[in-house]
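Let me begin by presenting the structure, written as structure tokens, before commenting on it.
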Number of protein chains: 2
Amino acid sequence: MARASGSKREREEPARLPVVGAEPPERADAARNRQKIVAAARSLTEKRSLEKISLDEVAEAAGVGVGTVYRRFGDRSGLAYALLDDSERALQSAFLQGPPPLGPGAPPSARVRAFLHAYLDRLLRETDLLLAAETSAPTGRYTGAYAAHRAHLAALVAEARPDADAAYLADALLAPLAAPLIVHQTVDLGMDAARLKAGLDALVEGLLGTAAGRP
Amino acid sequence: MARASGSKREREEPARLPVVGAEPPERADAARNRQKIVAAARSLTEKRSLEKISLDEVAEAAGVGVGTVYRRFGDRSGLAYALLDDSERALQSAFLQGPPPLGPGAPPSARVRAFLHAYLDRLLRETDLLLAAETSAPTGRYTGAYAAHRAHLAALVAEARPDADAAYLADALLAPLAAPLIVHQTVDLGMDAARLKAGLDALVEGLLGTAAGRP
DNA sequence: AAGGTAACCGGAGAATACTCCGCTTATCAA
DNA sequence: TTGATAAGCGGAGTATTCTCCGGTTACCTT
């Protein structure tokens, strides 16, 4: 089920975020329906969390059949990612070509730190959507946008610590930003954003050594 | 939904793992049914993953009504935790009163390292159950056994680094052990246990400083 | 412009999750 | 023992997810 849903979404959702190569172009009616569905979902999420909205309901609001919703987005998680598309593009653009420290120009550890902060801010801003995206299809989380974040961090880690297992450390840095964990920390444990950022800073400090004496 | 399901399981599942205080005793027929359900589920999981078994099916195999399964365990996640009960007890016993370095007697950073290794081994041994436990009810993951692990690590971290935010770092150390991430790393990325352990060691080293010069 | 083909659509239907409540049973006090 | 009472039980019923396929439509070729 893990791989199945992952590869399914990959096939069903052409030309989205992390895809680079050219794919069979989307037919006009399909694109139109996609937009109708996204618009309807966006409108519905203004009243309650996506997690409490049935996809049948989205289909009806969009004026399409249920099958169409599932064909386009696979499941609730796929729809959530579509709704996150804008902020994801903004984030990627910021760390790929924006001003430092998030974008190029700052030392790697500072960029890692800036990325984690930016991701946390975004998570706190779109908690409901990211929760829905991660919790339906939990095993499919690690493709798509996650892979881009992971690659970005891995490159920075490799730059700062060429001897380390950069790929692993990238995962380890992203893991504390899992949406359900953040929700638990903020809602149940009462941790605020500043505390979480301080904690993330401690991680970066320990792993990459922003202190002067580190290689 | 997050809090709801969490508090529900808490109410429905008396006298399990992390509960300390006395609760209303479980009626004899209820206990009998619980055992029948667990036994049936255990038997069914020998053939396929719990995630692919409907709870109706478990109920029928156990010879009880569906309502009984839901009342006792709340959802698939609750049932999974029940099936993990034995290994969880073993783990807790090992780090609370077993021999060092997992149990008392070793320096804190060594105990943290030993705990992470032990948890990873257990995760690799019972991947399917832990995956089912975490992925149904993802927001309820952070109560019960997780809270015990977190408290244990937090105490060790506080001992090793009295100045640090021990509670946060405990979460940060446990986060890379999320079942779906481990599955992705091992299945999709082909990382083996040794690599994961080395990565965890690097985390511990960076955060707690097993190297001599750390306070 | 017309026709062929591949993609797409819709919604009925099967599977599964989860709830609800009238009836039964265990437990305990008298 | 025997009621009283609270806890538990079962399974029909409702809600939601997800699939499947006959009919439709966009797109390209000629």
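Keep in mind that this is a model prediction, so the values were computed, not measured. As a basis for the values below, the full set of heavy atoms in this structure was taken, side chains included, without hydrogen atoms, waters or symmetry mates.
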Original post:
What is the distance from CG of A:Asp56 to P of C:dA14, rounded to the nearest Å?
Top reply: 16 Å
**OP:** Using whole Å, report how far CZ of B:Arg32 lies from C1' of C:dT25.
**Re:** 10 Å
**OP:** Rounded to the nearest angstrom, tell me the gap between atom CZ in B:Phe73 and atom C1' in C:dA17.
**Re:** 17 Å
Subject >> Side-chain heavy atoms of A:Lys197 within contact of A:Arg113, under 4.5 Å >> reply: no
Original post:
What's the CZ-P distance between B:Arg34 and D:dC9, to the nearest Å?
Top reply: 10 Å
Subject >> Closest to the B:Ser54 side chain, choosing from C:dC18, C:dT16, D:dC18 >> reply: C:dT16
**OP:** Compare all side-chain heavy atoms of A:Leu153 with those of A:Arg111 and state whether any distance is below 4.5 angstrom.
**Re:** no
**OP:** Could you check which of D:dC9, D:dC18, C:dT16 has an atom nearest any side-chain atom of B:Thr68?
**Re:** D:dC9
Subject >> Whole-Å distance separating the CD atom of A:Glu57 from the P atom of D:dC18 >> reply: 16 Å
Subject >> Atom-to-atom span, CD of A:Glu60 to C1' of C:dC9 - whole angstrom >> reply: 17 Å
**OP:** Look at the rings of B:Phe95 and B:His149 and say which category their plane angle falls in: under 30° parallel, 30 to 60° tilted, over 60° perpendicular.
**Re:** perpendicular
Original post:
Taking the side chain of A:Arg72 as its heavy atoms from C-beta onward, which of D:dC9, C:dA17, C:dC9 lies nearest to it?
Top reply: C:dC9
Considering only nitrogen or oxygen atoms on both sides, find all protein atoms under 3.5 Å from nucleotides 27-30 of chain C and state each distance.
unit_1	atom_1	unit_2	atom_2	d
C:dT27	OP1	B:Ala28	N	3.2

Subject >> Pair B:His117, B:Asp201: side-chain N/O donor-acceptor within cut-off below 3.5 Å >> reply: yes
Subject >> Atom-to-atom span, CD of B:Glu51 to C1' of C:dA15 - whole angstrom >> reply: 16 Å
Original post:
What nucleotide among C:dC9, D:dT17, C:dA17 has an atom nearest to a side-chain atom of A:Leu55?
Top reply: D:dT17
Subject >> Gap between atom CG of A:Leu181 and atom CD of A:Glu134 - 0.5 Å precision >> reply: 10.0 Å
**OP:** Grab the CZ-C1' distance between B:Arg76 and D:dT16 for me, whole Å please.
**Re:** 14 Å
Original post:
When you measure from the centre of the six-membered ring of A:Phe73, is the NZ or CZ of A:Arg34 under 6.0 Å away and within 45° of the axis?
Top reply: yes
Original post:
Given D:dG10, D:dT16, C:dC9, which nucleotide is nearest the side-chain atoms of B:Val64?
Top reply: D:dG10
Subject >> For A:Ala167, all residues meeting side chain to side chain contact (heavy atoms under 4.5 Å, CB included), sequence neighbours excluded >> reply: A:Arg150, A:Asp165, B:Met191, B:Arg195
**OP:** Considering just the side-chain nitrogens and oxygens of A:Arg71, establish if one lies under 4.0 Å of OP1 or OP2 belonging to C:dC8.
**Re:** no
Original post:
Between A:Asn33 and C:dC8, is there a side-chain N or O to OP1/OP2 distance below 4.0 Å?
Top reply: no
